[in-house]
Visitor: 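Below is one structure. I have some questions about it.
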Amino acid sequence: MSTTSTVTVIVLAAGGGTRMKSKTMKVLHPISGRSMIGHVLHAVAALEPHRVVAVVGSQREQVGPHIQAQLPNAVLAVQETQDGTGHAVRIAWEALDPADRAGTVLVAYGDTPLLEGESLRAFAEDHLAAGRGVSILSGVVADPQGYGRVLRDSTGEVTGIVEQNDATEEQAAVTEINSGILAFDAGFLDSALPRLTNDNAKGEYYLTDAVQLARDDGLAVGAFSIEDVLQTEGANDRVQLAWLAKEKNRRILNRWMKEGVTIIDPDTTWVDVDVRLEHDVAILPGVQLLGTTVVAEDAVVGPDCTLKDVEVGEGARVVRTHAELAVIGAGASVGPFSYLRPGTDLGAGGKIGAFVETKNARIGDGAKVPHLSYVGDAEIGEGTNIGAGTIFANYDGVEKHRTVIGRHARTASNNTFVAPVNIGDGSGTGAGSVIREDVPPGALAVSAGPQRNIEGWTLRKRPGTAQADAASAGADPARRPNPPETR
Ligand code: UD1
Ligand code: CA
């Protein structure tokens with residue numbers, strides 16, 4: 001922050017999330033490639049907090065490691081029973097080193113995936129500038145049902161927060177709500193926590209009662225209204241989860257379109273939060289760009305692709321493709337119906353065509369695997385062309401082996417490369433070859449023997465069949481039902 005105060009952030013995530021009806025703890029459900037709490041921690045990091053404390057509940061063995069993977073210095077505080085937000089913050093406070101109980105304390109929830117760091121920062125700065133004991137991040141909503149309402153006196157001064165279950169009819173009509181995010185002066189919070197009671201409709205310790213206590217202490221209190229209330233919205237069930245995911249995605253897409261990316265159909269395009277897209281990238285309908293996928297300038301992706309942790313080079317073209325942990329070079333072409341598995345690295349101007357599966361395969365600049373092939377554990381040199389229907393037989397049933405093919409080779413259709421095998425630069429193969437031995441540079445390898453026609457085989461071996469009828473008719477031009485040239 002631009003101020004001199006240190007900031008401690010308390011993230012509440014002990015609620016069970018029972019309405020998710022899931023083995024997975026609520027805050028771990030992903031949206032746009034990041035857990036809900038991951039989004040919150042990301043926003044929190046923008047404040048450069050001195051310390052972050054996460055309050056976790058019964059499923060701490062799921063959430064704890066997840067939080068510490070993202071923020072190794074985070075303190076975990078375990079709340080055994082969910083006795084309210086006031087109780088949760090007290091547990092967090094006790095988990096803090098006393099020396100860290102200073103400056104500004106921000107309380108946020110772990111299930112608000114749309115939260116942005118900028119909003120937290122603006123709120124914390126307003127709180128400090130106004131010198132308040134407590135500040136409320138408030139919002140005005142059409143339907144305040146379920147929220148704590150922000151109460152104000154006739155002069156507009158904030159006097160407190162009343163929870164839904166404790167509100168009078170008149171109070172319940174207030175549409176300014178407590179988003180849940182609060183900022184405290186550490187000294188005041190320290191004195192307020194022991195004074196909270198559970199004397200209310202829910203029998204819980206309400207953190208929100210601290211607002212009244214601050215007033216009693218003669219401290220300034222106030223609310224900072226957030227225009228974009230959705231940023232503080234939580235997901236309690238999977239319907240809300242899907243809705244927030246759609247909204248988060250919409251925001252991500254809008255940002256990229258404003259950055260110069262063409263997105264033909266935002267309704268069927270999904271882009272994770274850590275994806276990067278350059279100018280003049282075009283995304284056609286039905287595309288998911290996941291993980292840390294990067295797409296360079298002028299590349300066109302789609303329709304109907306799923307790319308996870310993929311690097312797409314400048315001007316490349318990717319159509320109806322499923323790819324993971326792969327690199328697609330500049331100007332290369334992939335698809336339709338291609339499956340690029342981890343370790344695929346296609347060079348500039350290369351091609352992986354229709355019905356081709358690749359894995360752990362380096363395919364050089366300008367090299368092509370255009371049709372119906374499996375390329376596993378292979379290296380293909382620049383400018384080489386692999387014939388249709390080629391199988392790189394990398395697995396002997398026990399171990400995987402590599403096939404290495406040199407530069408500017410021309411392998412024919414329906415080859416099998418039985419690894420380990422090396423095929424030299426500028427070499428070639430015959431159609432239908434099974435290549436088990438190395439091929440020197442410039443050689444033509446032919447493994448199938450010369451063709452032998454065994455005359456009359458069908459009539460002798462399969463008399464009385466349709467095949468035999470056709471064979472005898474075919475041998476007699478006068479009896480052929482459809483001469484080939486008119487077919
Ligand atoms: C709370 C606020 C309310 C606000 C609303 C915004 C209080 C008393 N009320 O109400 O003013 O409008 O949030 O959504 O603060 N949690 C714990 N431990 C607990 C209880 C809650 O960690 O013992 C966590 C939950 O996991 C959740 C957050 O705190 O992330 C809020 O809890 P919830 O029960 O949803 O509070 P509300 O009653 O909705
Ligand atoms: Ca709630």
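The shown structure was predicted, so the numbers you read here are calculated from the model rather than taken from an experiment. Just the heavy atoms: all of them, side chains too, but no hydrogens, waters or symmetry mates, feed the values below. Numbering of ligands and ligand atoms starts at 1, following listing order.
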Visitor: Checking side-chain contact (heavy atoms from CB on, under 4.5 Å) against Leu189, which of Leu182, Thr104, Val107, Val105 comes through?
Guide: Val105
Visitor: Run the salt-bridge test on Arg341 and Glu357 with the 4.0 Å N-O cut-off and return the result as yes or no.
Guide: yes
Visitor: Does ligand 1 have an atom under 4.0 Å from some heavy atom of Ser179?
Guide: yes
Visitor: Hey, which atoms in ligand 1 end up nearer than 4.0 Å to a heavy atom of Gln82?
Guide: 18 (N), 19 (C), 23 (O)
Visitor: Atoms of ligand 1 less than 4.0 Å from Tyr147 heavy atoms?
Guide: 6 (C), 12 (O)
Visitor: Tell me which part of His87 gets within contact of ligand 1: side chain, backbone, both or neither, using heavy atoms under 4.0 Å.
Guide: neither
Visitor: I'd like to know if Glu259 pairs up with Arg255 as an ion pair, taking the criterion as any Lys NZ or Arg NE/NH1/NH2 lying under 4.0 Å from an Asp or Glu carboxylate oxygen.
Guide: no
Visitor: Name the one of Thr358, Ile352, Thr390 that satisfies side-chain contact (heavy atoms from CB on, under 4.5 Å) with Ser373?
Guide: Thr390
Visitor: Judged by non-hydrogen atoms, does Glu204 sit under 4.0 Å from ligand 1?
Guide: no
Visitor: Mind telling me whether His127 and Phe123 have parallel, tilted or perpendicular rings, with 30° and 60° as the class edges?
Guide: tilted
Visitor: Does an N or O from Gly148, backbone or side chain, lie closer than 3.5 Å to an N or O of ligand 1?
Guide: yes
Visitor: What pair of heavy atoms forms the shortest contact from Leu277 to Leu289, and how long is it?
Guide: CD2-CD1, 3.7 Å
Visitor: Can you name the atoms of ligand 1, numbered from 1 with element, that are less than 4.0 Å from a heavy atom of Asp83?
Guide: 23 (O)
Visitor: Does some non-hydrogen atom of Gly234 fall short of 4.0 Å from ligand 1?
Guide: no
Visitor: So is Ile177 in contact with ligand 1, going by heavy-atom distances below 4.0 Å?
Guide: no
Visitor: N/O of Gly84 under 3.5 Å from N/O of ligand 1, yes or no?
Guide: yes
Visitor: Considering all heavy atoms of both residues, which atom of Leu207 and which atom of Thr85 are nearest to each other, and what is their separation?
Guide: N-OG1, 3.1 Å
Visitor: Between Arg132 and Asp185, is the closest basic N to carboxylate O distance under 4.0 Å?
Guide: no
Visitor: Would you say Tyr109 and ligand 1 have an N/O pair spaced under 3.5 Å apart?
Guide: yes
Visitor: Does an N or O from Asp111, backbone or side chain, lie closer than 3.5 Å to an N or O of ligand 1?
Guide: no
Visitor: Quick one: which ligand 1 atoms are inside 4.0 Å of a heavy atom on Tyr206?
Guide: 8 (C)
Visitor: Looking only at heavy atoms, is any part of Ala14 under 4.0 Å from ligand 1, and if so is it the side chain, the backbone, or both, or is it neither?
Guide: both
Visitor: Any idea which atoms of ligand 1 are less than 4.0 Å away from a heavy-atom of Gly15?
Guide: 22 (O), 25 (C), 26 (O)
Visitor: Of the choices Leu12, Ile136, Ile181, which has the non-hydrogen atom that lies closest to atom 30 (O) of ligand 1?
Guide: Leu12
Visitor: Can you give me the closest heavy-atom contact between Thr175 and Ala142, atom names plus distance?
Guide: CG2-O, 4.5 Å
Visitor: Under a 4.0 angstrom heavy-atom cut-off, which atoms of ligand 1 come close to Lys202?
Guide: 38 (O)
Visitor: Touching ligand 1 at all, Glu163? Heavy atoms, strictly under 4.0 Å?
Guide: yes
Visitor: For the residue pair Leu193 and Arg90, what are the closest heavy atoms and their distance?
Guide: CD1-CA, 4.0 Å
Visitor: Output the distance between atom CD1 (Ile91) and atom CG (Leu96), rounded to the nearest 0.5 Å.
Guide: 12.5 Å
